[in-house]
Amino acid sequence: TNNRAKWFTDARFGMFIHWGIYSGAEGVWKGEQIRHDNDYAEWIFYRNSIEKEEYLSLLDRINWNEVNPEEWVILAKKAGMKYITLTAKHHDGFALWDSKVSDYDIADQTKDKRDIVAELASACRKHGIKLGLYYSHWVDWAHPYGWNHSREIYPLTDEQYDEYWQQKVIPQMRELLTNYGKIDLIWFDMWIHHSESIITKDQLVQLKSLIRELQPQCLVNSRLGLSIEEDSDVDFRTLGDNQLGEDKLEYPWQSPGTVAHSWGYHRNESQWKSTTSLLKALIGNVSLNGNYMLNIGPRANGDVPYEISQRLLDIGQWLKINGEA
Ligand code: JFZ
């Protein structure tokens with residue numbers, strides 16, 4: 001463990017936010033549900049083979065007068081959470097900030113040139129919440145050479161993949177680490193080891209070095225694709241989705257969890273975990289020196305579903321009465 005991660009292990013409880021174009025689809029495209037057993041709502045672009053340009057039409061479902069990232073921060077505070085991780089770019093490749101790298105970003109696609117990363121960053125600073133950004137580095141469905149699952153049928157060359165890497169990933173990460181003040185953590189998402197993928201170790205090391213160069217205090221999670229065991233310079237380990245801790249570990253770690261099933265908002269969600277089971281997950285992890293990062297999937301207008309906000313407020317109440325403070 002290094003000093004960088006001290007705030008993280010002290011924090012224990014965080015908020016994950018999956019919000020993006022997919023939030024407007026709510027898990028349904030042209031009357032059809034997600035075409036897959038695993039119906040994560042944020043996968044609709046890929047699962048239902050939506051065209052890149054047509055996907056943007058979902059932006060019309062966002063009422064921009066109502067979208068206010070500060071409300072997410074206020075909810076996190078009330079829940080007793082100490083940090084937030086927002087999907088700055090999920091697998092759909094769409095950037096929630098003003099990216100100059102491509103026009104597949106929120107500022108270029110909205111009238112008032114909104115920049116959700118900037119808005120969230122200033123709200124976090126105002127309320128004393130640490131800021132994390134999720135960046136899908138491995139998977140990108142919008143870039144012609146970004147990885148997606150059909151690449152098993154139409155494989156990319158290493159040169160093409162590196163073109164995606166050098167022309168999109170590296171410059172976008174540079175933007176995020178340069179234009180938004182202090183970033184407390186970057187949350188990458190690659191659930192296999194790099195040796196099983198088109199990504200090379202050199203590319204991952206390049207990315208990690210960029211972070212260390214531009215923001216030496218910024219934490220990096222193990223889903224970068226280098227394992228924490230082989231590369232102790234990764235700051236904390238992310239367990240599998242909804243996988244809780246079972247043992248104390250040598251290094252800082254975290255479980256990402258959902259209140260229901262999907263990460264992005266899905267209108268037909270039915271299996272809600274009880275407040276008690278969420279609290280047990282948090283307490284169990286904390287008892288093993290781990291963290292719990294609980295997801296909210298706001299609606300297109302930014303509203304947090306009642307089923308989620310209610311549970312978060314209940315957890316915050318419990319922590320206030322029974323927690324350390
Ligand atoms: C990934 C994403 O595909 C998903 O949309 C969401 O963002 C989630 C937090 O991360 O999905 C995963 C990643 C890792 C595992 C399972 C699903 N895993 O390690 O078990």
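All of these numbers come straight from a predicted model, not from anything done at the bench. All ligand and atom numbering here is 1-based and tracks the order in the structure.
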Closest protein heavy atom (residue, atom, distance) for atom 3 (O) of ligand 1: H91 NE2, 2.8 Å
Ring centroid separation Y251 to F236 under 6.0 Å: no
F94 ring center within less than 6.0 Å of Y104 ring center: yes
Shortest protein heavy-atom distance from atom 6 (C) of ligand 1, along with the residue and atom involved: H18 NE2, 3.5 Å
Atom indices of ligand 1, in the order listed, that fall short of 4.0 Å to a heavy atom of E42: 4 (C), 5 (O), 6 (C)
Parallel, tilted or perpendicular, as decided by the 30° and 60° cut-offs, for the rings of W43 and Y46: perpendicular
Nearest neighbour in protein (non-hydrogen) for atom 19 (O) of ligand 1: G240 CA, 3.6 Å
Where ligand 1 meets Y134 - atom numbers and elements under 4.0 angstrom, heavy-atom basis: 7 (O)
Polar contact flag, side-chain donor to acceptor under 3.5 angstrom, H127-E70: yes
is_close_aromatic(W141, W147), centroid dist under 6.0 Å: no
No-hydrogen, no-angle side-chain donor-acceptor test under 3.5 Å, T238 and N221: yes
Location of contacts on R223 toward ligand 1, heavy atoms closer than 4.0 Å: side chain
Sub-4.0 Å atoms of ligand 1 with respect to non-hydrogen atoms of H90: 4 (C), 5 (O), 6 (C), 7 (O)
Among L239, D189, T87, V139, closest by any non-hydrogen atom to atom 1 (C) of ligand 1: D189
From the candidates N295, T85, D241, N38, the one that places a heavy atom nearest atom 8 (C) of ligand 1: D241
Pairing of D98 and K100 as salt bridge, 4.0 angstrom limit: yes
Any N or O of W43 closer than 3.5 Å to N or O of ligand 1: yes
